[in-house]
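Taking it in order: structure first as structure tokens, then the write-up.
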Protein chains: 2
Amino acid sequence: MSSDGSVTGDDEAVRTAGRGRRGPYAKSESRREEILDRAIEVFAERGVDGTSMRAIGEAVGVSHAALKHYFPSREALLVEVLRRREARLVEDVTARAGDDFTSLRLLADATVRNAAEPGFVALHTAMLATGVLDPDGEAGEHLVARYREARGRIADDLATGVMAGRPITEVADVAALLLAASDGLQAQWLLEGGTNGDVDLVRSYGLLIDLIGTRRGAQG
Amino acid sequence: MSSDGSVTGDDEAVRTAGRGRRGPYAKSESRREEILDRAIEVFAERGVDGTSMRAIGEAVGVSHAALKHYFPSREALLVEVLRRREARLVEDVTARAGDDFTSLRLLADATVRNAAEPGFVALHTAMLATGVLDPDGEAGEHLVARYREARGRIADDLATGVMAGRPITEVADVAALLLAASDGLQAQWLLEGGTNGDVDLVRSYGLLIDLIGTRRGAQG
DNA sequence: CCCCGAAACCTCCAAGTGGAGATTTTCGTC
DNA sequence: GACGAAAATCTCCACTTGGAGGTTTCGGGG
């Protein structure tokens, strides 16, 4: 039982005095995963306006109210979809990096892989729209934390690598730029219909990386 | 009367045979503007989910159905809000540019000025989330056109200026990057609460412009 | 196997939504 | 001023939405 009252698969079984439940149902975790799986499908198909708790519940095969047991609100559910996606993306690109284990490489890879799934790009963008107006809300808090963490990690890596010796403000700016460009290019690329459009995602992002790496004073 | 059936202030009065209306009411244009004005206020306050035709109608002081006379749908209304904003922003930064009349300067200025109004950033971002999933929809079509136009203009300017002689693919990539970074940085900046957060919008965007301007082979 | 109680899920409800068709307002013409 | 008709606006309606409280399911313990 997590602190927000919703059930997660990671929590230790609750110990109750005497008779009674010692933990979640056996099917809890798989149900929760299924909800998240169906939610992104519904989102990708119907967009943010069409993704009600009822629409998701229908896709899962339960009532909308059943979802509330796992997630306190639609927003919380969608944020969790995003969080899970982010975790998987990191895992995935890290595993693929092999010995080319720099932030720049990981970022470029993550950008391309994420863009391949418009649903996630759209979800991230929709949450961003919400978070921009309400950084203290569920979506906002998640994104604030997420971007801070990412900027921090990227900056650390740049500072010990390609941008060693540069002022920390410059390193911070580059980290912010890398994330910003990733988001913005993915959106433009998808608007252009993907591979055959006017935006070449890989080449454009690669150019930014090149600009950073060839800046005067940057480590070769 | 425009082609989509909604009333715009730009159309020439309709000429009808014999008796009957020769044009819109005297108050049509001001009403339409008022709807757009109230819509962005409602959006900024309540976010995309809270901005129904009813909420906007209430803010204007008319029924939700009255809005339908001017705009066929909520999406069309919000796209028009965005369009109007874009036009004003271009007008504004152009007027302020004086003799420093390059895309880079205009872009930097527009980025900062736009970010000062979170409602518009959020609206643009929300429309982007919709457009990414449905580039053929109302929001998507507008954004596709808008970005293409912007990339084209920026590329033209770069090609005759700071990036003269560079390959056209590189110029196109830079144009896409400049727009992407502008969007992404504004969002991060707002998530961070604006001026006192971890992201320095002006400095970060300035760094990108600097990177482009100091690239090997770029015109000093 | 039975009991118990919390986990999981449901139905009903009130509130909100956009659309259809009815009604009111405006204004050009005579 | 009267008339007519389109512009502008309204009310009513069916449908959708999330929440509250009721019901069913599951599994630990005896």
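Excluded from the calculations below are hydrogen atoms, water molecules and symmetry mates; all remaining heavy atoms, backbone and side chain alike, are included. Numbers restart at 1 for each chain; the letters A, B, ... are given by sequence-line order, proteins then strands.
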>> Let me spell it out: for each of B:Met53 and A:Arg31, pick the nucleotide of DNA chain C with the closest heavy atom. Which residue's pick is nearer the 5' end?
In response: A:Arg31
>> Using the rule side-chain contact (heavy atoms from CB on, under 4.5 Å), only one of A:Arg148, A:Met127, A:Glu138 pairs with A:Leu143; which is it?
In response: A:Met127
>> Is it true that, when you exclude B:Glu41 itself, more than 12 heavy atoms of the residues, nucleotides or ligands shown sit nearer than 6.0 Å to its CD?
In response: yes
> Want to settle it: does A:Ala65 or A:Gly50 sit nearer the 5' end of DNA chain D, counting the closest nucleotide to each?
Replying inline: A:Gly50
> Phosphate oxygens OP1/OP2 of D:dT17: is one of them under 4.0 Å from a side-chain N or O of A:Ser52?
Replying inline: yes
>> Expressed as a whole number of angstroms, how long is the span from A:Arg32:CZ to C:dA7:P?
In response: 15 Å
>> Rounded to whole Å, please give me the gap between CZ in B:Arg46 and C1' in C:dG16.
In response: 10 Å
> Separation of A:Phe71 atom CZ from D:dG19 atom C1', in whole Å?
Replying inline: 18 Å
>> Between C1' on C:dT25 and OH on B:Tyr25, what's the gap in Å once rounded to a whole number?
In response: 4 Å
>> Just the rounded figure in Å: distance from C1' of C:dT26 to NZ of B:Lys27.
In response: 8 Å
> If you check every side-chain atom of A:Ser63, which of D:dC26, C:dC9, D:dT11 has the closest atom?
Replying inline: C:dC9
> Between D:dA7, D:dG19, C:dG19, which nucleotide gets closest to the side-chain atoms of B:His69?
Replying inline: D:dA7
> Can any side-chain N or O of B:Glu75 pair as donor or acceptor with the backbone N or O of B:Ala139 at less than 3.5 Å?
Replying inline: yes
> Whole Å only: how far is the CD1 atom of A:Ile56 from the P atom of D:dT17?
Replying inline: 11 Å
>> In whole Å, I'd like the distance from the NZ atom of A:Lys68 to the C1' atom of D:dG22.
In response: 16 Å
>> On a heavy-atom basis, which atom in A:Gln186 and which in A:Leu201 lie closest, and how many Å separate them?
In response: N-CD1, 3.9 Å
> Closer to the 5' end of DNA chain C via nearest nucleotide, is it B:Ala26 or B:Arg74?
Replying inline: B:Arg74
> Cation over ring, B:Arg85 on B:Phe120, under 6.0 Å and within 45°?
Replying inline: yes
>> Between P on C:dT17 and CG on B:Asp49, what's the gap in Å once rounded to a whole number?
In response: 10 Å
> Counting only side-chain N and O atoms of A:Tyr70, is one of them less than 4.0 Å from OP1 or OP2 of C:dC9?
Replying inline: yes
